[in-house]
Amino acid sequence: MKSFEFADPRTETEALELMGDNPEQTAIFAGGTDLIALMQADVIRPDRVVDIRNIESMQQVYEADGGVMVGALVTLDDVLENPLLADYASLVQAADAVHAIQIQSSGTIAGDLCHLPNCWYYRSGYGLLAQENGKSLPELGDGRYHAVFGNSGPAKYVTATRFAPAMIAWGAQVRIIGPGPEDEEVLPLEHFYKTPRTERQGTTVLKPGQLVSHVWLPRIAGAVSGNYDVLQTAGLDWPLASAAATLELSGGRVSDACIVLGFVAPTPWVSQEAASALLGQPVTEETAQLAGEAAVSRATPLKDNGYKVQLAKTAVKRAILRSAGLLEGGL
Amino acid sequence: MRDREHSSGRGSGLSRRAFLQGSGAAVAATAVATQATEAVAEAKKPSRLKSSKAQKVVLTVNGKEHTLMLEPRVTLLDALRNDLNLTGAKDVGVSSNDGADTVIIDGKAVAAGTRLAFAEQGKNITTVEGLSEGKNVDEVITAFVKHDATQCGYCTPGFVVAVRAFLNKNPGANLEQIRKGLGGNICRCGTYAGVTAAALELCQKGGA
């Protein structure tokens with residue numbers, strides 16, 4: 001690991017100032033569950049590491065105008081235990097699917113939302129686009145864990161966030177601060193993610209010197225939600241595919257739905273097709289199955305990852321059934 | 001490629017104003033706090049930034065304070081193993097997702113390889129060495145021996161610490177909860193049956 005300066009600000013303003021000296025070469029430390037590994041592998045080589053864990057304004061969960069504000073530093077343990085988040089079943093289920101107390105105690109919400117791809121080419125230093133001599137390595141080599149949606153451009157990796165699908169399905173908004181001490185923007189979490197076409201574009205809209213400070217979740221009266229991670233092993237593992245659903249029901253039928261897939265595209269993947277298939281229907285095994293089929297109707301798998309289409313379909317079906325409390329077994 | 005031509009089904013019914021109100025209030029509160037503490041913050045600012053050179057670090061490990069000279073890049077795991085000669089926590093590799101480096105920091109199980117020693121000053125760090133003193137050993141260790149929960153032994157210290165942290169928090173856990181909680185500890189020999197049996201027995205006794 002390359003040597004670096006270290007800073008531990010106490011306020012958001014202090015953090016932005018400490019990041020502002022050389023924003024391109026500054027890394028943010030929160031839970032540490034991934035940053036240290038990336039630095040040890042020389043994938044990230046910062047000149048300065050800013051530890052934001054002591055910023056109190058970003059540690060809290062509190063009621064805020066018809067919803068709940070979640071600080072960037074809120075941990076997976078907090079998600080599992082905080083009563084204000086108990087109604088967001090899909091979030092709690094996503095945290096519960098991380099099978100390791102070490103990650104649950106350290107991992108933060110914003111760290112998850114900003115998590116860099118697990119693509120093995122990226123982790124081996126081939127960059128986000130994983131190209132060599134202009135050729136896509138996931139296409140030519142081993143792309144078994146890569147994207148089955150949104151992969152027609154150069155980026156083939158899948159987003160590594162486990163919470164964004166559930167949060168987007170709830171209509172979450174994200175607050176970004178910086179690079180200037182007064183700079184602040186708020187945008188739907190869905191629009192936080194982007195698919196890079198060049199190496200420099202990055203996986204999110206975050207620019208050097210900016211950081212995620214809070215996520216806001218609306219309360220939707222009567223809405224139910226569920227999250228389903230397809231895990232290969234019983235232990236700590238990244239999902240092969242995941243799906244989150246937030247449904248509003250009236251008279252036993254779905255009156256509004258948002259279904260978002262994870263680990264299938266370079267960004268969390270909002271499925272209009274699945275939502276449309278479910279609207280006006282009661283939630284049953286059959287309608288959930290049809291929504292799953294609709295969700296993958298336009299999938300474009302690579303040569304090695306066709307199996308992920310089936311997993312994504314099943315994840316959507318089970319997330320919907322789980323939302324309605326109808327999922328039996330199979331977990 | 002599908003970029004952002006579709007927007008999510010949600011959002012239309014949700015008021016952006018609500019967020020702005022909320023975050024506005026939070027910002028206002030921050031601003032007041034910032035003004036009040038500005039003078040203090042200014043005075044303290046230089047100490048917030050540490051150079052990349054080796055400098056004094058005080059770590060509280062197993063109840064004892066240790067003063068070390070470390071660069072900010074030194075992980076807690078390396079500080080424990082290389083500088084404090086506490087080699088119970090094991091260094092398995094870059095990914096740090098194996099659990100062999102588990103320690104307890106302020107009551108929580110943490111992979112020591114995912115932390116910087118610099119950032120863990122002022123916290124109570126417990127390593128596997130802190131779980132025994134002479135013949136007075138933690139019940140988790142006794143249970144591991146009883147259930148033959150070790151083979152090559154490399155993962156064992158991390159497993160013992162993880163079980164201790166898990167039991168402190170979940171004294172009445174069932175087998176499924178134990179397996180889930182300990183999913184971040186990998187054993188290549190496959191001692192899981194012994195480990196879970198040890199943990200389960202302690203849970204059935206009410207956490208030990």
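Chain letters run A, B, ... following the sequence lines, proteins first, then strands; residues in each count from 1. Computed from heavy atoms alone, side chains included, the values below leave out hydrogens, waters and symmetry copies.
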Contacting moiety of B:S51, where chain A heavy atoms sit under 4.5 Å: backbone
Determine yes or no for a side-chain-to-main-chain donor-acceptor pair under 3.5 angstrom, with A:K194 supplying the side chain and A:H191 the backbone. no
In terms of side-chain geometry, is the basic nitrogen of B:K108 or A:D77 positioned less than 4.0 Å from the acidic oxygen of its partner? yes
Do you see a donor-acceptor pair shorter than 3.5 Å between the side chains of A:S106 and B:R115? yes
Is any side-chain heavy atom of A:F192 closer than 4.5 Å to one of A:V212? yes
Taking salt bridge (charged side-chain N to carboxylate O under 4.0 Å, His left out) as the test, write out the residues that go with A:D21, two or more places apart. A:R48
Per-residue contact mode, A:D47 against chain B (heavy atom under 4.5 angstrom): neither
Chain B contact via A:D8 - which portion, at a heavy-atom distance below 4.5 Å: both
Check: A:A169 main-chain N/O paired with A:T246 side-chain donor or acceptor under 3.5 Å: yes
Below 4.5 Å, heavy-atom pairs only: which of A:R123, A:K2, A:Q102, A:E56 has the largest tally toward chain B? A:Q102
Tell me, side chain or backbone of A:F149 under 4.5 Å from chain B's heavy atoms, or both, or neither? neither
Per-residue contact mode, A:E81 against chain B (heavy atom under 4.5 angstrom): side chain
With chain A as the partner, which of B:K169, B:E71, B:R73 has the greatest number of non-hydrogen pairs under 4.5 Å? B:R73
Counting heavy-atom pairs under 4.5 Å with chain A, which one of B:L182, B:L116, B:I186 comes out on top? B:L116
